Amino acid sequence: MSTDEHLDPIPDSFILQPPVFHPVIPYVTTIFGGLYAGKMIMLQGVVPRHARRFQVDFQCGCCLHPRPDVAFHFSPRFYTVKPHVICNTLQGGLWQKEVRWPGIALQKGASFLILFLFDNEEVKVSVNGQHFLHYRYRLPLSRVDTLDISGDILVKAVGFLNISPLLLYSPRLEVPCSRALPRGLWPGQVIVVRGLVLKEPKDFTLSLRDGATHVPVTLRASFTDRTLAWVSSWGRKKLISAPFLFYPQRFFEVLLLCQEGGLKLALNGHGLGATSLDQKALEQLRDLRISGSVHLYCVHC
């Protein structure tokens, strides 16, 4: 097994927009490729103890004057006796009829994970793993290209998921995790692994095995020396010369795209080159195994 170390990105349709860590609030960013059905935005952070309100706006543009239309306005309010969330749409400078959702599972001083999943007709929102609300679109989803976060909020990470997103109610998968590959791998097939790195991680391993239990392909991340490497079936290690993009207590996405002659790798949206493997060897692969210091939420192959 040999490697190609140049950073040749995988096709745009599979690339995950790089996550953002600890952005300064207010924070405004372009959503690469805009929003479409099946896309998910993931927001991880903490509600300050003094918080009164914050808002997450999915906008149609980012100009200051005139103010852009806001397709989906999500605003938790903590200053009332009964904290709640306001959802609304701004069009032509005018707010439409607001929708109020009581009983929000956000608390002052506590951390949170909010997922925004965009379907064909509505956006679904989960808070800390539980479905919280849905909001029917009042403006075309295709117009949305900007994310705006403001107010009393400490954001640790913003994630952008493009394909096969985490389910709103997705439970953690057992680690080590195994998935069968009954037909092997073929050009165009994509393996997607999404999860969360543990607080004090040691390693992460993704291996592909054939029917004879040989392991021709192994991807190994070592948190001790912060290295990422391909490991051959006979134990030879080939370091991947790229920034180490696994972070403790942060979400990650690994994409392996099968193509003629091998597999292309992307981690958190960054193309990290390829490993060479002939088509016959790819077709003989029968098992995907994942282990290490992670929580797994999605394994798709």
Side-chain angles (χ1 to χ4, degrees), residues 9-21 23 27-44 55-63 67-75 85 87-92 96 99 101 113-127 129 131-150 155 157-170 188-195 251-259 264 266-271 297-301:
I10 63 176
D12 290 344
S13 59
F14 297 115
I15 290 181
L16 175 73
Q17 179 172 342
V20 178
F21 300 109
Y27 175 70
V28 181
T29 188
T30 297
I31 301 172
F32 294 1
L35 285 184
Y36 47 80
K39 196 160 189 175
M40 176 181 284
I41 307 296
M42 182 166 54
L43 185 63
Q44 183 181 19
Q55 63 191 55
V56 181
D57 289 336
F58 295 90
Q59 303 178 171
C60 309
C62 59
C63 62
R67 184 176 180 181
D69 289 346
V70 178
F72 178 49
H73 169 79
F74 175 86
S75 180
V85 171
C87 296
N88 208 340
T89 295
L90 180 71
Q91 185 174 19
Q96 300 183 11
V99 179
W101 295 84
L113 174 65
I114 302 176
L115 303 178
F116 300 91
L117 174 61
F118 295 89
D119 283 343
N120 289 314
E121 303 294 335
E122 63 183 9
V123 54
K124 297 176 181 177
V125 182
S126 77
V127 179
H131 175 70
F132 177 59
L133 64 83
H134 57 274
Y135 182 82
R136 193 171 183 84
Y137 305 136
R138 300 175 185 177
L139 293 176
L141 187 62
S142 60
R143 291 187 56 201
V144 180
D145 59 8
T146 303
L147 171 66
D148 187 333
I149 305 173
S150 60
V155 177
V158 182
F160 305 85
L161 307 181
N162 287 348
I163 58 175
S164 301
L166 297 170
L167 299 176
L168 285 174
Y169 312 101
S170 59
Q189 190 170 349
V190 182
I191 293 175
V192 183
V193 178
R194 295 192 177 108
F251 287 91
F252 68 88
E253 179 181 70
V254 174
L255 298 181
L256 285 176
L257 172 64
C258 181
Q259 59 177 6
K264 284 190 174 181
L267 175 60
N268 295 344
H270 296 268
Y297 292 95
C298 172
V299 177
H300 172 77
C301 52

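As a basis for the values below, the full set of heavy atoms in this structure was taken, side chains included, without hydrogen atoms, waters or symmetry mates. Nothing fancy with the numbering, it's 1 onward along the sequence. Note that the structure is predicted; figures quoted are calculated from it, not measured.
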Nearest-0.5 Å distance, [atom1] of residue [X] to [atom2] of residue [Y]:
X	Y	atom1	atom2	result
Leu141	Asp119	CG	CG	9.5 Å
Glu122	Leu117	CD	CG	9.5 Å
Cys301	Ile191	SG	CD1	6.0 Å
His300	Arg194	NE2	CZ	9.0 Å

Are any of the side-chain heavy atoms of [X] and [Y] separated by less than 4.5 Å?
X	Y	result
Thr29	Val20	no
Val158	Ile149	yes
Phe72	Val56	no
Lys39	Ile31	yes
Gln96	Arg138	yes
Leu133	Cys87	yes

Quick one: closest heavy-atom pair of [X] and [Y], and the distance?
X	Y	answer
Asp69	Gln91	OD1-CA, 3.4 Å
Tyr297	Gly195	CD1-CA, 3.8 Å
Cys60	Pro68	O-CB, 3.5 Å
Pro23	Val155	CD-O, 3.6 Å
Ala37	Asn120	CB-OD1, 3.1 Å

Show the numbers, then the answer: is there a side chain to side chain contact (heavy atoms under 4.5 Å, CB included) between Trp101 and Val125? CA-CA 11 Å; Trp101 295 84; Val125 182; over 6 Å; no
Measuring centre to centre across the rings, with the benzene-like ring taken for any Trp, is Phe74 within less than 6.0 Å of Phe116?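 Phe74 vs Phe116: aromatic centres under 6.0 Å.
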Could you point out which residue of Asp148, Thr89, Asp57 forms a side-chain hydrogen bond (donor to acceptor under 3.5 Å, both in side chains) with His73?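 Looking at Asp148, Thr89, Asp57, the match for His73 under the side-chain hydrogen bond (donor to acceptor under 3.5 Å, both in side chains) is Asp57.
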Apply ring pair (Phe, Tyr, Trp, His ring centres under 6.0 Å) to [X] and list each qualifying residue two or more places apart in sequence or on a separate chain.
X	value
Tyr27	none
Tyr137	none
Phe118	Phe58

Just by modelled atom types, is the Thr30 backbone N or O under 3.5 Å from a matching donor or acceptor in the Asp145 side chain?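 Answer holds: no.
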